[in-house]
Amino acid sequence: MAGEAQALMPVEQALEALLRQAQAAPITGVETISIEEAAGRILSEPLRATLDLPPWPNSAMDGYAVCTADLEGQPLSVCQKIFAGTQPKPLEAGRCARIFTGAPMPEGADSVEMQENVELLDDGRVRFIEPIRAGQHVRPQGGEARAGDEVLAAGVRLGPIELGLAASLGAAQLRVSRKIRVALLSTGDELVDPGESLRPGQIYNSNRVLLRHWLHRLGCEVIDAGIVRDDAEQVRQCLAGLADVDLILSTGGVSVGEADFLGQVLREEGELTLWKLAIKPGKPLTCGSYRGVAVIGLPGNPASTLVTFGLLARPYLLRRMGVTEVTPLSIQVPAGFSWTKPGKRREYLRARLESGRAVLYANQSSSILRSAAWADGLVEVREHSQLSEGDLVSFISFTELLG
Ligand code: AMP
Ligand code: MG
């Protein structure tokens, strides 16, 4: 078996190959949609500010607007009250204005003193206790963005923060790339969908639900082809019935066994590459095409499906959608475990962060999805490596991976 370790493809190499393929087949359609509908979509062109943000100088505090040149230690009388949403009159020389957070600065005022630092005199005048720095507590016009600035780049995924920023610039509509259309197949004679009763030898189909929801979160359109039996004719019919999809994503039947019916059909009507990856869980992966449509076949064990989708298919999909940042953010955390037997494959262990340390779920079997439900994310243990407790390991949180 000495040769087998060498035959395993490193995770980076598989990811690189997938990203190259994705780069060569970008989703090109573009649409204009309402900002209300844009969560999870990808900006297809840069978003530029059409106005200065803020559009005018305004107060960062509840307090008093003053002209610092007028201040010589004497109390000032208040000439006006300026609330947010109103338009102030110019500041009268030698006086100050009551002002509230977000209200426009009156012409002639250059600074704001917060209300905590003033003394209100009986005659209504205001004495300033602290020295006032010119420009203090004023948010300058264009301090966040100038009209014409690029505030979001093309290829950015629109989440609540990006959408909030677009809204602050008054964008009601956004140019986004069209949704990628993913056909989802669950292969396996043993599979039954929830709601049906189980007969001997059958199990419930979990990958379908897991991937469908995950794909939706990534902004994909899912064409759910349901369960496909381990039968070449059924696979052939299913694939032939798929119209207008960008990717065929299947689970199960990827080991080169007797049940490799997807592979059989791809060999006849497309291309098939079977990868043996240095990844655990999830060694076998199909990467091919059917009548010109890309196909990714993930291993069927639920934890393998999770890991290979998250680390390989997810970045592939995002890259095809035009997203620039496709690798999930990982952080370094101390291992709350030791790892004494170096493996030939890179392991992605379901782990929880407890008091800042990564603690492993006891059963890391690829058939067990409960491990992932318990965990906060995946710890990466590189091939051929050993770890002692406290050593730093890479941790990818599910919050990062699932979004
Ligand atoms: P396979 O990749 O088809 O050899 O399947 C590997 C293991 O994953 C077997 O135990 C299958 O029963 C299981 N499996 C395959 N597909 C699914 C699925 N959609 N949901 C849950 N388990 C599955
Ligand atoms: Mg199977």
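Whatever order the structure lists ligands and atoms in, that order sets their numbers, starting from 1.
A salt bridge is absent between Asp246 and Lys179: the closest approach of a Lys/Arg side-chain nitrogen to an acidic carboxylate oxygen does not fall below 4.0 angstrom.
For ligand 1, none of its N or O atoms has an N or O atom of Ser186 under 3.5 Å away. In terms of polar-atom proximity, defined here as any N/O pair under 3.5 Å, Arg208 makes no such contact with ligand 1. The shortest N or O to N or O distance between Pro302 and ligand 1 is not below 3.5 Å.
Around atom 16 (N) of ligand 1, the closest heavy atom drawn from Ile203, Val192, Asn207 belongs to Asn207. Around atom 3 (O) of ligand 1, the closest heavy atom drawn from Gly253, Pro284, Gly297, Gly300 belongs to Gly253.
The protein heavy-atom contact nearest to atom 11 (C) of ligand 1 is Glu190 OE2, 3.0 Å. Counting only heavy atoms of the protein, atom 21 (C) of ligand 1 lies nearest to Ser206 OG, 3.4 Å. In this structure, the protein non-hydrogen atom closest to atom 10 (O) of ligand 1 is Asn301 OD1, 3.9 Å.
Taking both residues in full, the closest heavy atoms of Val151 and Leu165 are given as O-CD2, 4.2 Å, listed atom of the first, atom of the second, then distance.
For the 3.5 Å distance criterion, the side chains of Gln80 and Arg98 fail to qualify, holding no donor opposite an acceptor. Side-chain contact of Asp52 with Gln141: a donor-acceptor pair under 3.5 Å is present, judged by distance alone. With no hydrogens or angles considered, no side-chain donor-acceptor pair links Asn207 and Ser186 at under 3.5 Å.
In this structure the side chain of Leu311 never reaches within 4.5 angstrom of the side chain of Leu15, judged on heavy atoms.
Ligand-side atoms of ligand 1 in range of Asn205: 18 (C), 19 (N), 20 (N), range being under 4.0 angstrom from any heavy atom. Per-residue contacts place Gly252 under 4.0 angstrom from the following atoms of ligand 1 (heavy atoms of the residue considered): 1 (P), 2 (O), 3 (O). Near Tyr204, meaning under 4.0 Å from one of its heavy atoms, ligand 1 places the atoms 20 (N), 21 (C).
Applying the salt bridge (Lys or Arg N to Asp or Glu O under 4.0 Å) rule to Arg382 yields the partners Glu12, Glu380; only residues at least two apart in sequence or on another chain are considered.
Applying the salt bridge (charged side-chain N to carboxylate O under 4.0 Å, His left out) test to residues at least two apart or on different chains, the pairs with a partner in residues 190-199 are Asp193-Arg208.
Contacts with ligand 1 closer than 4.0 Å are made by side-chain heavy atoms of Leu191 only, the backbone lying farther away.
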